[in-house]
Every structure is written in C-alpha cells, then in structure tokens.
Amino acid sequence: MSDNKSFVLKKIDHVVFEQRHVPEIGAHDVLVEVKKTGICGSDIHFLVHGRIGDYVLKPGSDMVLGHESSGVVYQVGHSVTHLKPGDRVALEPGATCRRCEACKEGRYQLCPDVKFAATPPDDGTLGRYYALPADLAYPLPPHLSLEDGAMIEPLSVAVHAVSRLGGFKANQSIAVFGCGPVGILCMAVAKALGASRIVAVDIVPGRLEFAKSYAATDIFQPPPLAQDETRIAYSNRSAATMKQQLGISERGPTAIDLTGIRIVKTGGTYVQVGMGQSDITIDMSVVLCKELVVKGSFRYGPGDYPLAIALVAQGKVDLKPLVSHRFSFDDAILAFQTTRDGKSSDGKGVIKAIISGPDVDVNDM
C-alpha cells in the first residue's frame with residue numbers, strides 16, 4: 001500500500017505526478033481508494049492563479065488537486081461501524097473542527113479550521129488514496145455509478161444554494177445566471193423541487209442550448225456591452241431586455257422568486273453561488289426599495305449531501321448528461337487543459353470532465 005500516485009500543483013501552471021505518503025487514519029476515519037474525480041473551476045483557478053481569495057498556494061509549498069470525488073472504502077478505523085472495505089462512497093471533502101461556534105450552530109461550512117481538499121495548505125483527492133472522517137463518506141445506492149458519486153459534490157453546492165439558502169419551494173420560479181456545471185445543477189435542483197419556471201442566462205449559446213435541453217424552461221442571452229457603457233447602465237439595459245423578451249414582471253404570477261438583483265421580484269431572494277469578480281458594484285437602492293434578501297452561498301452544510309444523493313437515487317436529478325469528457329489518471333494534464341480551454345480538440349464543449357483514479361479504466365463507471 002505504498003503506491004499513492006498523486007497529481008500535484010507545484011506552482012502556477014506547473015503540475016506533476018509524484019508519489020505521496022499514504023495517509024494514516026484514526027479510529028473514526030476511513031481510507032478511500034479514489035475512483036472518479038471531477039474537475040472544478042476552483043481547481044483551474046488554483047492552477048492558473050495560485051490562489052482563490054485569501055486561499056493562497058505559498059511559494060515553496062505544493063498541493064494535490066481535486067475535491068469532487070467518489071471511491072471505494074479501503075480501510076476503516078476501529079470505531080467505524082457503518083462502513084466496511086469495498087463500500088462505494090461519495091466524499092464530502094471538508095473536515096471541520098466540530099467544536100467552534102459555527103459547527104455547533106449547524107453551519108459547519110463556516111468553520112474557521114476546516115480542512116478542505118485542494119485548498120491550501122490541504123491536499124486534495126487526485127491520488128490513489130484519500131483519508132477523511134467516516135461520517136463524510138456517504139454510501140452510494142447500488143444503482144448510482146461512481147461518476148454519479150463524484151458529481152454529488154457540485155450537486156450539493158446547488159442543493160445548499162437553492163434549497164437551504166434560497167428556501168425554494170414547489171411552484172416558485174428561478175433564473176440562474178451562468179450555465180456552468182453548478183448553474184446547471186441549480187436548475188436541476190429547482191426542477192426537482194417543483195419549479196414552475198426556470199430561466200437560464202449565459203453569454204455562450206451552446207451552454208444555453210444544453211440548459212434548455214436539460215432543465216430550463218426559458219433561456220436568455222444578454223446583449224453585448226456597448227462602447228463606453230457603465231456596468232450599472234449595462235445591467236439596467238440587459239435586465240430590461242430580459243424582462244421584455246421573457247415577459248417577467250416584478251410582482252404577480254410572472255415574477256421570479258429567486259434570481260439576480262434587477263430581475264428578482266419585489267421581496268424576493270438573491271443568492272450568490274459562484275465566486276465571480278471580487279470587486280463589483282451593487283445598486284443598494286434596488287436592494288433596499290425591493291426589500292430583497294441577499295445571501296452568499298459557501299460550499300455545503302448539514303443535510304446537503306444526503307439530499308443530493310436522494311434526488312439522484314429517486315430519479316429527480318440525472319447527472320449523467322453533464323459528464324462531457326472522461327480521462328485516465330495519466331491524462332490528467334490533458335484533462336485540465338481541456339477544461340481550461342472549454343472544449344476538446346474535436347471542438348466539443350466541456351461541461352464536466354471526470355478523471356479516473358490511478359489504474360482505473362475510464363469506461364468503468
């Protein structure tokens with residue numbers, strides 16, 4: 001068990017394969033042999049910029065990438081009773097302290113001492129083995145694939161944003177800005193919860209087409225920014241165009257319950273899920289006069305993984321159409337470059353790329 005080949009970020013735009021020590025586990029932990037890992041936008045961000053906000057890969061340090069993973073339990077700690085070697089599991093890649101105020105309040109995603117995979121200084125899951133607390137390894141129902149298991153992580157992000165924070169209910173409407181994997185999955189969660197209308201917004205026509213085929217009832221491609229037009233003026237113009245084209249009002253049955261600040265109904269909710277640009281301008285007069293609820297969504301919290309698994313297990317969310325590209329572990333560099341480019345050499349657009357674990361067949365789902 002000394003072979004733990006891993007995919008390691010050494011510095012900006014420099015990744016290598018190297019052997020790492022096999023993690024030791026405690027009484028309440030499990031060691032998982034990682035089988036499938038999805039590439040997240042944050043992985044690309046660390047590769048390209050070496051940081052996300054305050055999370056910085058410091059000079060002289062390195063980090064195993066990856067955090068959207070599933071695998072098979074290899075070893076269990078002596079106090080673990082609900083899992084055994086051979087069990088297929090989805091990995092929740094953030095181990096918290098369980099003692100701080102946030103953890104005790106049931107908001108463990110805000111724990112200041114969280115050890116989150118592929119977030120400096122903690123290693124990620126793109127290796128042969130990954131250790132984590134046993135209660136963060138969720139058994140997969142027999143009819144879910146290991147690829148489904150890897151996709152539970154981004155689906156849990158969407159569950160947290162739409163269901164937990166957005167409080168989304170049946171017969172409500174939602175508009176999602178951005179048709180990347182998490183945006184698409186936010187639409188999928190809304191659909192599973194009984195949405196009456198789902199509007200997808202993106203500047204890339206191909207992504208809008210996929211969104212319409214997958215979950216959206218309506219799509220909107222914003223107009224381009226005009227020369228010398230301010231961001232506020234552009235937001236006003238784009239919002240007005242969207243409302244006119246799609247028949248959206250600020251009150252009544254054609255209003256949108258959960259979406260962006262200028263589109264959402266009076267008294268509605270705006271949830272920011274993706275990182276986006278850190279320096280933006282928000283027209284607070286709109287927030288005040290419409291008495292909006294504005295929330296930031298960070299990863300996932302208690303109950304989000306179980307609900308995500310249940311939605312897939314019950315057939316309410318189908319994750320398979322999102323996996324657009326598959327790569328062997330030895331082709332991880334190509335997988336990252338393809339995701340970074342947004343398309344493969346054949347021109348096919350990337351939605352989600354999955355990397356198989358070391359010595360795992362790409363076609364072994």
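Keep in mind the model is a prediction, meaning the values are calculated, not measured.
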### Query
Yes or no on side-chain contact (heavy atoms from CB on, under 4.5 Å) for F336 and V15, after CA distance, side-chain angles and deciding distance?
CA-CA 10 Å; F336 269 74; V15 285; over 6 Å; no
### Task
Apply the test side-chain contact (heavy atoms from CB on, under 4.5 Å) to residues K316 and K191: give CA-CA distance (whole Å), side-chain angles for both, the deciding distance (0.1 Å), then the verdict.
CA-CA 8 Å; K316 295 180 179 179; K191 183 177 180 179; over 6 Å; no
### Task
For the pair E153 and Y300, evaluate side-chain contact (heavy atoms from CB on, under 4.5 Å) and give the outcome as yes or no after the intermediate values.
CA-CA 9 Å; E153 197 276 347; Y300 25 73; 2.7 Å; yes
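No donor-acceptor contact under 3.5 angstrom links the side chains of Q19 and N4, judged on distance only. Using modelled atom types and a 3.5 Å distance limit, the side chains of H325 and S344 yield a donor-acceptor pair.
The heavy-atom pair separating L146 from L140 by the smallest distance is CD2-CD1, 4.3 Å. Taking each heavy atom of V34 and P358 in turn, the nearest pair found is O-CD, 4.5 Å. When every heavy atom of D361 is checked against every heavy atom of S356, the shortest pair comes out as O-OG, 3.7 Å.
In this structure a side-chain-to-backbone donor-acceptor pair under 3.5 Å is missing from N236 to A233. A donor-acceptor pair under 3.5 Å is formed between the side chain of D43 and the backbone N or O of G66. Of the possible donor and acceptor atoms, one in the side chain of D202 sits under 3.5 Å from a partner among the backbone N and O of C179. Here the side chain of K10 pairs no donor or acceptor atom with the backbone of G60 at under 3.5 angstrom. Not one N or O on the side chain of Q172 forms a donor-acceptor pair closer than 3.5 Å with the backbone of D257. S6 places no side-chain N or O within 3.5 Å of a backbone atom of V8 that could act as its donor or acceptor partner. Within the 3.5 Å criterion, the main-chain N or O of I152 finds a donor-acceptor partner in the side chain of S156. Panel note: side chain S70, backbone G149; no donor-acceptor pair is recorded below 3.5 Å.
Figure legend: R51 and F46 shown without cation-pi pairing, the cationic atom not lying both under 6.0 angstrom from the six-membered ring centre and within 45 degrees of its axis. Under the 6.0 Å distance and 45° angle rule, K5 does not count as a cation-pi partner of F329.
In the hydrophobic clustering of ILVMFWY residues, with side-chain heavy atoms under 4.5 Å counting as a link, L83 and Y74 come out apart. Hydrophobic cluster membership differs between L126 and M151, with clusters built from Ile, Leu, Val, Met, Phe, Trp and Tyr side chains linked at under 4.5 angstrom. In the hydrophobic clustering of this structure, L165 does not group with Y108; members are Ile, Leu, Val, Met, Phe, Trp, Tyr whose side-chain heavy atoms approach within less than 4.5 Å, directly or through other members. At a threshold of 4.5 Å between side-chain heavy atoms, the hydrophobic network of Ile, Leu, Val, Met, Phe, Trp and Tyr places Y55 and I39 in one connected group. A continuous path of hydrophobic side-chain contacts links V273 to L311 [ILVMFWY only; heavy atoms under 4.5 Å].
Annotation: side chain to side chain contact (heavy atoms under 4.5 Å, CB included) contacts of A158 (sequence neighbours excluded): L185, C186, V189.
Contact check on K320 versus E147 returns no salt bridge, with no Lys/Arg side-chain nitrogen under 4.0 Å from an Asp/Glu carboxylate oxygen. Ion pairing of K36 with D148 is absent here, as no side-chain N (NZ or NE/NH1/NH2) approaches a carboxylate O to less than 4.0 Å.
Residues I333 and F7 form a side-chain contact, since some pair of their non-hydrogen atoms from C-beta on lies under 4.5 Å apart.
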